[in-house]
Amino acid sequence: MNNPPESNAELQHTARRNLWMHFTRMSAYADSDVPVIVRGSGPYVFDSHGRRYLDGLSGLFVSQVGHGRTEIADAARRQASELAYFPLWSYAHPQAIELAERLADLAPGDLNRVFFTTSGSEAVESAWKLAKQYFKLTGQPERYKVLSRDIAYHGTSMGALAITGLADIKYPFEPLPPGGIRVPNTNFYRAPDFVADDITDFGRWAADEIERAILREGPESVAAVFLEPVQNSGGCFPPPPGYFARVREICDTYGVLLVSDEVICAFGRLGHYFGSARYGYQPDIVTFAKGVTSGYSPLGGMLVRDAIMEPFVRGTATFLHGITFAGHPVSAAVALANLDIFEKEDLLGNVRAHEAGFRATLEKLYDLPIVGDVRGDGYFYGIEMVKDKDTRETFSDEESERLLRGFLSTALFDAGLVCRADDRGDPVIQLAPPLICGQEHFDEIEHILREVLTEAWNRI
Ligand SMILES: Cc1ncc(COP(=O)(O)O)c(C=O)c1O
């Protein structure tokens, strides 16, 4: 028999005693409640006190179809009864096969081969390992370096962390695997002066910096460039016009693989199945996770072009990499049910129909003195907060600490909005609501942000 549900006081006690939350200052909960989310329905979640919150971050950029979808739960139950587990090491199962075909059909160009993982970090890690082994197999064994952008987050395992561009979260774990090289990101709001007047010039400069880095490192040593369609960390940097076309050209010139890290940007976040399709570029590898199952079960993976797979389909060649739970039958069945909902409810159409409304609603906040920049695409936005709109001066570390950790994160949650106040770059609020949302939800987000940001400004 199940234990009776624990009271909130018991949950709080046990959470403090036994649970280690991720990227969390545990001391912050010494004297205050751990937020305990117990239930979800559509774009809302409910805590252990029964309070309702609009899930403005889709959990963690995950819950595309929203919460409480019994048809996905049913698919998981059916699959667990039929075949709960079997590995993809030398075997296959129908759900992995069907999902691989479906993803290949949805992906741009000849991204026809799917290697499953359980998470985004594993997908990124796998893509780097694949790039390295691919070049060893094809007679260019010295290619191992990877380029990625300042402040970009690509995951936490050692390889993915070496690709991540956030010094603070890397430092405790150094030395990391060698070969991670940084290039500028596409934050036009903080563009260098000489390209600050024209976004196309800025994009050209940012892309050309990739070429300069390849030449500086030696093209024969560079394996891949890892880029998100819209960079999340730092607060949503969409690509300037022409950026990805130039990056593709550079990669082709120097024989470097273009990896599109779509752990956030795939599965409708930008109104397309893949972010690369929205911006019209062809990656060599796409990494994905999160939205592929809308979080009803963990799954990640990479989609690989036929040409990259080609050396692995001959003779004794084997990609020497695997993960026990990768492509788990229950997760694959869940992903298929998730994609059925995308189709049935035309979620991509919903995002495309409402994204202009989302932008316009958030842009209303420009009348607040603290709102410096509203940027993003699709259902994926960042709002940068500044101390001075005219000069774009940002907050000091102390102010940022007081503003973000001391006030904003808790105040937004208390006001009924799940979103993220982050200062891994400049201070931003990140928003990524479920793809089922419409104008009423955008209005609710704007209303809460307006109240809380007004109060934050008064406290500075
Ligand atoms: C772009 C990107 N890559 C990789 C990851 C790592 O994914 P995971 O947390 O599933 O390991 C994330 C996570 O947010 C991400 O945003």
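In listed order, ligands and their atoms are each counted from 1. Note: hydrogens, waters and symmetry copies are ignored here, and every other heavy atom, side chains too, is used.
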CZ (R149) and OG1 (T164) are apart, to the nearest 0.5 Å, by 12.5 Å
Rounded to the nearest 0.5 Å, the NE2 atom of H22 sits from the CG atom of L60 at a distance of 11.0 Å
Result for side-chain contact (heavy atoms from CB on, under 4.5 Å) between I436 and one of H441, E345, Q64 points to E345
(Q) Tell me if the centroids of the rings in Y243 and F202 come within less than 6.0 Å of each other. (A) no
(message) In this structure, is the centre-to-centre distance between the rings of H321 and F115 below 6.0 Å?
(response) yes
for atom 3 (N) of ligand 1, nearest protein heavy atom and its distance come out as D261 OD2, 2.8 Å
Residue, atom and distance of the protein heavy atom nearest atom 10 (O) of ligand 1 read G120 N, 2.8 Å
ask   = With a 4.5 Å heavy-atom cut-off, do R375 and V428 have their side chains touching?
value = yes
Part of [X] within contact of ligand 1 (heavy atoms, under 4.0 Å):
| X | result |
| --- | --- |
| E122 | neither |
| S121 | both |
| F61 | neither |

Numbering as shown, the atoms of ligand 1 that approach [X] to under 4.0 Å (heavy-atom distance):
| X | value |
| --- | --- |
| E228 | 1 (C) |
| I264 | 16 (O) |
| S119 | 10 (O), 11 (O) |
| K290 | 13 (C), 14 (O) |

Min over N232, T118, V263 of heavy-atom distance to atom 15 (C) of ligand 1 lands on V263
Worksheet item: Is the closest heavy-atom distance from E262 to ligand 1 below 4.0 Å?
Response: no
- Message: For Y44, does the six-membered ring have the charged nitrogen or CZ of R52 within the cation-pi criterion, i.e. under 6.0 angstrom from the centroid and within 45° of the normal?
- Response: yes
Establish, for the pair R16 and Y29, whether the NZ or CZ atom is under 6.0 angstrom from the six-membered ring centre and no further than 45 degrees off its axis.
no
